[in-house]
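Remember, it's a predicted structure, so these values are computed and weren't measured experimentally.
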Amino acid sequence: MVNRDMVYAGSRLAMAEMILSGTTTFCDGYYYESSVAQAAIDMGMRGIVSQGFIDFPTPDQPEPAKNIKIAETSLINGKTARR
């Protein structure tokens with residue numbers, strides 16, 4: 001099952017590969033975007049991350065009715081998630 005730690009570890013691995021190939025900035029929009037953002041900060045990469053949402057339960061949001069509030073919170077927190 002996809003979880004926060006798995007997304008963080010997978011993001012760090014993907015970013016290591018991006019760094020080796022010369023990529024400096026990436027875009028991501030899937031699950032546990034706060035973990036992706038933290039991985040980017042830890043790896044020293046620039047990224048545009050967006051919390052995706054849909055009308056059915058997902059690993060990071062079992063209650064779809066909360067998706068809009070979570071997206072709004074992500075936008076507010078993202079403004080301060082800088083190194």
Side-chain angles (χ1 to χ4, degrees):
M1 179 86 170
V2 176
N3 62 45
R4 185 172 305 284
D5 293 334
M6 173 193 244
V7 170
Y8 177 79
S11 295
R12 285 182 53 98
L13 175 61
M15 290 174 205
E17 292 176 354
M18 285 188 262
I19 291 167
L20 286 173
S21 70
T23 302
T24 61
T25 307
F26 68 93
C27 295
D28 190 89
Y30 203 48
Y31 303 137
Y32 299 108
E33 287 306 307
S34 61
S35 294
V36 176
Q38 187 60 55
I41 291 168
D42 295 347
M43 296 293 286
M45 283 204 72
R46 295 181 293 191
I48 299 169
V49 297
S50 174
Q51 183 65 47
F53 61 91
I54 50 183
D55 291 340
F56 54 85
T58 62
D60 64 341
Q61 186 45 260
E63 297 180 47
K66 295 182 178 181
N67 280 330
I68 291 176
K69 182 64 178 166
I70 289 172
E72 289 172 347
T73 301
S74 294
L75 288 171
I76 292 166
N77 291 341
K79 292 178 181 177
T80 61
R82 291 176 172 60
R83 293 186 289 142

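- Members clustered with Phe56: Ile54, by chain and number, using a 4.5 Å side-chain heavy-atom cutoff among hydrophobic residues.
- With hydrophobic clusters built from ILVMFWY side chains whose heavy atoms lie under 4.5 angstrom apart, Tyr8 does not share a cluster with Met6.
- A search for side chain to side chain contact (heavy atoms under 4.5 Å, CB included) contacts involving Met18 returns Ala14, Met15, Thr23, Phe26, Met45, not counting sequence neighbours.
- Under the 4.5 Å side-chain criterion, counting only non-hydrogen atoms from C-beta, Cys27 is in contact with Ile48.
- Scanning for side chain to side chain donor-acceptor pair (under 3.5 Å) contacts around Gln61 gives an empty result, with sequence neighbours left out.
- The same ILVMFWY cluster, assembled from side-chain heavy atoms under 4.5 Å apart, contains both Tyr31 and Val49.
- Under the rule for a side chain to side chain contact (heavy atoms under 4.5 Å, CB included), the partners of Ser34 that lie at least two apart in sequence or sit in another chain are Arg4.
- In terms of heavy atoms, Val2 sits closest to Pro59 at O-CB, 3.7 Å.
- A heavy-atom distance below 4.5 Å is not found between the side chains of Tyr30 and Val7.
- A search for side chain to side chain contact (heavy atoms under 4.5 Å, CB included) contacts involving Leu13 returns Glu17, not counting sequence neighbours.
- Considering all non-hydrogen atoms of both residues, Ala16 and Met43 come closest at N-CE, 3.8 Å.
- With sequence neighbours excluded, the residues that form a side chain to side chain donor-acceptor pair (under 3.5 Å) with Thr58 are Asp60.
- The shortest non-hydrogen separation linking Pro64 to Pro57 is CG-N, 3.5 Å.
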